[in-house]
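These figures come from a predicted structure and were not determined experimentally. Residue numbers begin at 1 in each chain, while the letters A, B, ... track the order of the sequences.
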There are 2 protein chains.
Amino acid sequence: MRTRTGPGPRERLLEAARELTYRQGVGVGVDALLKAADVARRSLYEHFGGKDGLIAEVLRRSTAEDEERYRQVMRSAGDDPRARLLAVFDELAEVVRGPDFRGCRYLAADLALADPGHPAHAITRDYRERVHRLLEDELVRLAHPRPAHAADQLLLLVDGVLAAGATRPRTEPARSARELAEHVIDGGRPASS
Amino acid sequence: MRTRTGPGPRERLLEAARELTYRQGVGVGVDALLKAADVARRSLYEHFGGKDGLIAEVLRRSTAEDEERYRQVMRSAGDDPRARLLAVFDELAEVVRGPDFRGCRYLAADLALADPGHPAHAITRDYRERVHRLLEDELVRLAHPRPAHAADQLLLLVDGVLAAGATRPRTEPARSARELAEHVIDGGRPASS
DNA sequence: CTAGAGATAGAACGATCGATCTACCCGTTT
DNA sequence: AAACGGGTAGATCGATCGTTCTATCTCTAG
């Protein structure tokens, strides 16, 4: 009947790992994860095969959620591609302002996992490509002369916001980036509006 | 007489730690550091008090060297502040292109060291302030209307280059950032030249 | 009722962590 | 010659690492 009262061990583990790997980094110990999730040791290895598998699944889920959040933010911004792109930076401003913000978890994972063969790297790479496409699609709709290049620049601004937001929070990096994003979106020429 | 043939244990440790903490992250084991430096275990604790002390000293040295490198690059670029600022991004292009580039070691250290009281954080924070001043001074010389804010933006672009360079190396982030840097330097208006 | 799947608790594995310690070697300085 | 400081080598400490294991419990399906 599956009439469980709450989320099962798998979900509890994923949620605890999502939280702890962000706050403490992917170097968190297995014991801390098990304790936070209130889950038996064995369950971790049954469901994910090991710590690396759990980390990979956490990143997979998180990228899917973040991509969907980007889409939602752009959807809420209306039809104008310019407004939709700028809305991304408005959302970033709120993310960075958040009291629990500790930088980009994907960049942190990439920097922390020295082994280039770790499954986490493939996941973060795919995520960046998906976001790049998301941005590029809007730029194409804007008839931007160099949509791919402009998407690279916007992604660079996003990375800059997340990095500066973690290291120099008082400088309001999202606001700074938004100004530059306008310049990128307008293709170096003044806005049409 | 101090007629030693090569660098002593202290220097060897610092050099090995500089290399290994960059390639492997600050999570490298003490044993790996000692083996790479070919130094006795005791020497580490005599000179630096422990692993954290060694890491802090590595960062201290590295920030001093990097700041000096920024100054040198700007010095070589002549007297025009605009050219001096853009030279920074040309230098970044070469850094990112380097085969051993693995991202910004200071951001990596900040993200990896969850404890906000770790001495490394104070060192990286001071470094960013020094670089900010370096950039701001040039913008003041340019009579930029908002030198502090523009320096924030340039620093955001630098962070973006180092992040994107580590995660999307094929996109030539330094070139993308240089274009935006020109826009920042020119204060939103076209270049005077 | 019973067999089996899923979860829990916890011992235990070998490996590694950072740190402390003893013992010895060597060059310098009294 | 003797004392000493800096360096090396290596054992050892308790703690923690990720992983595997046995044993028990609790459901649910047949």
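Rounded to an integer number of Å, the gap from NZ of A:Lys35 to P of C:dG10 is 11 Å. We find that OH of A:Tyr45 is positioned 16 Å from P of C:dA9, with the value rounded to whole Å. Atom-to-atom, CG of B:Leu34 to P of D:dA11 comes out at 15 Å; the value is rounded to the nearest Å. Look at CG on B:Asp31: it is 17 Å from P on D:dC17, rounded to the nearest Å. For the pair A:Phe48 CZ and D:dG18 C1', the interatomic distance rounds to 16 Å; values are reported in whole Å. Atom CG in B:Leu54 sits roughly 11 Å away from atom P in C:dG18 (whole-Å rounding). D:dT20 atom P lies 11 Å from atom CZ of A:Arg42, rounded to whole Å. Atom CG of A:Leu33 is separated from atom P of C:dT8 by 15 Å (rounded to the nearest Å).
Under a 4.0 Å N-O distance rule, the pair B:Glu179/B:Arg175 does not qualify as a salt bridge.
For A:Val39, taking side-chain heavy atoms from C-beta onward, the closest of the listed nucleotides D:dG7, C:dT8, C:dA19 is C:dT8. Distances from the side chain of B:Ala40 to the nucleotides C:dA19, C:dT8, D:dT8 place D:dT8 closest. Here the side chain of B:Pro9 is nearest to one of D:dT8, C:dG18, D:dT20, namely D:dT8.
Pairs of residues two or more places apart, or lying in two chains, that qualify as salt bridge (Lys or Arg N to Asp or Glu O under 4.0 Å) and include a residue from residues 27-56 of chain B are B:Asp31-B:Arg41, B:Arg42-B:Glu46. Within the structure, the salt bridge (Lys or Arg N to Asp or Glu O under 4.0 Å) test picks out the following pairs touching residues 89-101 of chain B (sequence neighbours left out): B:Arg69-B:Glu91, B:Asp90-B:Arg178. Pairs engaging residues 104-121 of chain A under the salt bridge (Lys or Arg N to Asp or Glu O under 4.0 Å) rule: A:Asp110-A:Arg128 [sequence neighbours left out].
Listed in residue order, the members of residues 114-121 of chain B having a heavy atom less than 4.0 Å from DNA chain C come to none. Of the residues in residues 15-30 of chain B, those lying under 4.0 Å from DNA chain C by heavy-atom distance are B:Val28, B:Gly29, B:Val30.
Using a 4.0 Å cut-off, no side-chain N or O of B:Ser43 falls inside it from OP1 or OP2 of D:dG6. Contact annotation: B:His47 side-chain N/O to D:dG7 OP1/OP2 distance is under 4.0 Å.
Residues forming a salt bridge (charged side-chain N to carboxylate O under 4.0 Å, His left out) with B:Arg61 (at least two apart in sequence, or on another chain): B:Glu11. Judged as a salt bridge (charged side-chain N to carboxylate O under 4.0 Å, His left out), and not counting sequence neighbours, A:Arg102 has no contacts. Every residue two or more places apart in sequence or in another chain was checked for a salt bridge (charged side-chain N to carboxylate O under 4.0 Å, His left out) with B:Glu136, and none qualifies. The salt bridge (charged side-chain N to carboxylate O under 4.0 Å, His left out) search around B:Arg133 returns none, not counting sequence neighbours. For B:Tyr106, the side chain to side chain donor-acceptor pair (under 3.5 Å) partners are B:Ser62, B:Asp66, not counting sequence neighbours. Under the rule for a side chain to side chain donor-acceptor pair (under 3.5 Å), the partners of A:Arg75 that lie at least two apart in sequence or sit in another chain are A:Glu68, A:Gln72.
In this structure a side-chain-to-backbone donor-acceptor pair under 3.5 Å is present from A:Arg12 to A:Ala37.
Pairing each heavy atom of A:Gly103 with each of B:Leu111, the nearest pair is CA-CD2, 4.4 Å.
With the 3.5 Å cutoff on both pairing distances, Watson-Crick and G-U pairs in DNA chain C assemble into runs of at least 3 at C:1-30 with D:1-30.
Across the interface with DNA chain C, nearest-nucleotide mapping of A:Arg41 and A:Glu46 shows A:Glu46 to be the residue nearer the 5′ end.
At a threshold of 4.0 angstrom between heavy atoms, the contacts of A:Asp38 are confined to the sugar-phosphate backbone, with no base atom among them.
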